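A quick note: this is a predicted structure, and the numbers were derived from the prediction, not measured. Quick note: numbers below take in every heavy atom, side chains included, and nothing from hydrogens, waters or symmetry partners. Throughout, protein chains are lettered first and strands after them, A, B, ... in sequence-line order, and every chain is numbered starting at 1.
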There are 2 protein chains.
Amino acid sequence: MPLRKYRATIKDIATRTGVSANTVSRTLRGLPHIHPETRQRILEVAKQLNYKRNLLARSLVLKRTESVGVVITDTSNPNYSRIIRGVEDYLYQHNINLMVSSSIGDEVRERSVIDLFLERAVDGMIVTPTMKSFAAIEEIVRRHVPLVLTNRYFKGHPMDAVRVDNVNSIKRLTHYLLDLGHERIVYFGGHEYVTTAEDRYVGYRKAMQEARRKPAPAVFCGTAREPDKVNRALVKLLRGKSRPTAILCYNDDLAVEVMHRLLDMGLSVPEDISVAGFDDIDMAAMLRVPLTTVAQPTYLIGRKAAELLLRRINGDMADFPQQILLETNIMVRASTGPPPAR
Amino acid sequence: MPLRKYRATIKDIATRTGVSANTVSRTLRGLPHIHPETRQRILEVAKQLNYKRNLLARSLVLKRTESVGVVITDTSNPNYSRIIRGVEDYLYQHNINLMVSSSIGDEVRERSVIDLFLERAVDGMIVTPTMKSFAAIEEIVRRHVPLVLTNRYFKGHPMDAVRVDNVNSIKRLTHYLLDLGHERIVYFGGHEYVTTAEDRYVGYRKAMQEARRKPAPAVFCGTAREPDKVNRALVKLLRGKSRPTAILCYNDDLAVEVMHRLLDMGLSVPEDISVAGFDDIDMAAMLRVPLTTVAQPTYLIGRKAAELLLRRINGDMADFPQQILLETNIMVRASTGPPPAR
DNA sequence: CTGAAAGCGCTTACAG
DNA sequence: CTGAAAGCGCTTACAG
């Protein structure tokens with residue numbers, strides 16, 4: 001049994017001031033045509049009762065909640081929490097509340113948190129889809145609730161999205177390795193159903209083709225959260241007849257894992273094998289062997305997504321669907337170098 | 001102008017089914033005493049209209065929003081975002097929405113986000129106070145909105161709180177250093193108005209006193225976000241007549257900063273000087289010199305806070321005010337060792 | 001400049 | 001088993 005909290009209402013102020021609720025409401029909202037004395041009395045009583053408006057009631061009539069929902073893979077992962085912070089800072093300026101939920105890459109949880117946001121009548125959503133199902137996303141669209149995707153996107157479903165150009169980023173990174181003299185470069189890790197992993201593989205292939213090298217098949221062996229799978233794939237890769245001289249990892253978490261495995265095996269990075277990642281996580285520069293990687297503007301992704309979403313919420317549908325691609329930076333560090341001499 | 005979204009209501013279902021709104025409502029909530037045929041018709045129409053309940057309206061009458069607000073220093077900092085994730089996972093099981101806001105250590109922003117949560121009528125809040133003012137927190141209490149603090153607390157204001165025992169944790173860490181033979185140990189960094197920093201200094205002093213060593217004055221020189229201040233303090237410390245053989249840093253971010261400065265100066269860690277931190281951030285184990293530190297159960301702090309908060313929201317005031325102290329772990333790594341021989 | 005009434009989409013007694 | 005009415009705390013036309 002919840003404790004009964006007293007909360008002054010507009011009506012309370014009205015009766016104590018001897019005016020109507022209408023007048024109180026208009027005064028509180030700063031609308032004109034209120035007699036100065038009336039206004040002052042109302043304001044005084046409001047303060048005295050410690051009045052705070054009830055946004056619930058307001059939202060119900062306005063059909064606008066001034067709240068936005070973010071569904072993201074994992075709120076505790078800095079790659080995502082920085083996006084959240086970017087969203088948050090922008091929304092804060094507009095007095096809009098932010099609800100967050102982690103999908104943890106699980107389509108059931110994804111569906112469930114999206115449904116709850118829908119029931120809660122958020123004005124819009126920003127989501128990094130799990131990509132395991134389109135149903136939940138489709139439901140948002142069907143209900144005409146403004147939606148901006150981040151990081152990933154669905155092919156053949158034109159929707160607003162903010163992300164980096166994964167294809168091009170990895171292409172540049174691959175060219176950098178090619179220029180160092182590498183020939184046997186492998187794309188390693190990630191899930192093929194996630195567009196980021198797929199796009200990165202595409203970028204790698206493009207670079208290889210441009211350099212007239214034969215691309216190697218991608219090793220979609222999962223993420224750092226599945227270390228056993230990753231390890232098996234890595235061992236297999238190294239045992240193959242033509243061992244790669246460079247490994248492009250799906251992301252930094254994986255690259256850290258891979259690099260440490262290699263070092264544990266007694267190999268040297270980058271002397272025996274170069275390793276590169278994606279994300280530029282905090283520890284990348286601090287590692288025993290600082291990691292070459294691609295820096296994503298995560299905070300900015302969040303901010304841009306929030307900006308676009310608010311435009312949509314306010315009815316501005318210009319350039320729909322809009323794909324905002326943000327710039328990445330190749331951070332060259334010690335984990336990559338020329339291939340070993342033959 | 002927001003686009004007009006169509007949304008089926010209970011009334012829509014009622015008219016199309018030829019029953020009253022009451023009956024629809026009771027059916028949808030799974031209450032008994034509904035004729036099976038009526039129920040089925042209602043359920044069918046609801047599905048057909050793609051009905052989703054409007055939690056806003058529900059909350060208004062129930063005086064319960066099934067939402068909770070979290071105010072934390074910085075949602076993008078893993079030390080905090082893991083707390084959020086702990087809160088989130090627990091709330092998810094109870095179908096409660098989570099709103100988050102960063103105070104960024106700024107009392108104005110803190111006040112403002114708390115006020116918005118209050119207007120939004122959250123059922124309760126979890127906050128890591130900035131400690132720069134008590135007013136915002138007091139407002140929550142005054143309105144009888146359930147509140148659980150995390151990490152920090154206000155002296156002389158008994159409130160529910162979940163945190164680690166900073167005093168004891170640092171005491172143990174200091175004893176470990178004393179046992180290694182250190183005599184000149186310094187507590188470094190943080191702000192004196194933050195209870196965590198203060199408590200850590202107290203813990204250090206206690207250990208020193210127990211070992212009959214003279215505690216050194218704390219160097220409250222701020223956090224890693226104020227690198228210049230920190231650096232000046234560090235240089236001054238090292239130039240002093242009795243240079244410390246070990247530095248206990250307020251947190252890991254600071255310890256990383258300090259350690260790298262020392263290495264840059266050509267000093268060896270831990271041969272010339274030992275360095276320890278607090279938090280066990282991800283990179284701590286991966287650094288060039290892996291960092292000795294205190295691991296906090298951040299996820300669990302969030303989870304426990306959420307558990308306690310839900311109990312309070314449900315009217316269970318047992319053991320109020322409750323102070324939940326969670327266990328820490330001293331992670332001994334390479335950044336600490338015996339002091340240099342004289 | 002101000003008020004009475006209706007309504008947002010639900011739930012809750014109260015009848016029948 | 002079902003319905004009519006009132007009400008949650010606001011805002012919005014509409015009068016005056």
**Student:** So, is B:T9 close to the C:dG9 phosphate, meaning a side-chain N or O under 4.0 Å from OP1 or OP2?
**Tutor:** no
**Student:** So does B:R29 get a side-chain nitrogen or oxygen closer than 4.0 Å to the phosphate oxygens (OP1/OP2) of C:dT12?
**Tutor:** yes
**Student:** Does B:S25 place a side-chain N or O at less than 4.0 Å from the phosphate oxygens OP1/OP2 of C:dT11?
**Tutor:** yes
**Student:** Write down the distance between CG (A:N54) and C1' (D:dG7), rounded to a whole number of angstrom.
**Tutor:** 14 Å
**Student:** The side chain of A:H33 is closest to which nucleotide in this list: D:dT2, C:dC1, D:dC10?
**Tutor:** C:dC1
**Student:** Measure from NE2 on A:H35 to C1' on C:dG3 and round the result to the nearest Å.
**Tutor:** 17 Å
**Student:** Applying a 4.0 Å non-hydrogen cut-off, can you work out what A:R7 is touching in the nucleic acid: base, sugar-phosphate, or nothing?
**Tutor:** nothing
**Student:** Can A:R163 be said to sit on top of A:Y153's aromatic six-ring, NZ or CZ under 6.0 Å from centre and within 45° of the ring axis?
**Tutor:** yes
**Student:** Please report, rounded to the nearest Å, how far the P atom of D:dT12 is from the NZ atom of A:K63.
**Tutor:** 13 Å
**Student:** Once you apply the 3.5 Å cut-off to both distances, tell me the Watson-Crick or G-U wobble partner of D:dG3, or none.
**Tutor:** C:dC14
**Student:** Roughly, in whole Å, what's the span from CG in A:L62 to C1' in C:dG7?
**Tutor:** 13 Å
**Student:** When the nearest nucleotide of DNA chain D is assigned to A:A8 and to B:T38 on a heavy-atom basis, which residue is associated with the more 5' position?
**Tutor:** B:T38
**Student:** Of all the choices, C:dT11, D:dC10, D:dG3, which nucleotide is nearest to the side chain of B:V61 once you look at every atom?
**Tutor:** C:dT11
**Student:** Considering only side-chain heavy atoms of B:L60, which listed nucleotide, C:dG9, D:dG3, D:dT11, is closest?
**Tutor:** C:dG9
**Student:** Strictly below 4.0 Å, N to O, side chains only: are A:E119 and B:K52 in salt-bridge contact?
**Tutor:** no
**Student:** So, B:E37 and B:R41, do they make that salt bridge, N to O below 4.0 Å?
**Tutor:** no
**Student:** Should the pair B:E107-B:R111 be classified as a salt bridge under the 4.0 Å nitrogen-to-oxygen rule?
**Tutor:** no
**Student:** C:dG3, OP1 or OP2 - any side-chain N/O from A:S20 closer than 4.0 Å?
**Tutor:** yes
**Student:** Separation of B:I10 atom CD1 from C:dC8 atom P, in whole Å?
**Tutor:** 14 Å
**Student:** What integer distance in Å separates A:N22:CG from C:dC1:C1'?
**Tutor:** 11 Å
**Student:** Please report the distance, rounded to the nearest Å, between CG in A:L28 and P in D:dG9.
**Tutor:** 15 Å
**Student:** Answer yes or no for A:R109 and B:Y92: cation-pi contact, defined as NZ/CZ to six-membered ring centre under 6.0 Å and angle to ring axis within 45°.
**Tutor:** yes
**Student:** Nearest nucleotide by nearest heavy atom, which residue falls closer to the 5' end of DNA chain D, B:R39 or B:A57?
**Tutor:** B:R39
**Student:** Tell me the interatomic distance from B:L55, atom CG, to C:dC8, atom P, rounded to whole angstroms.
**Tutor:** 19 Å
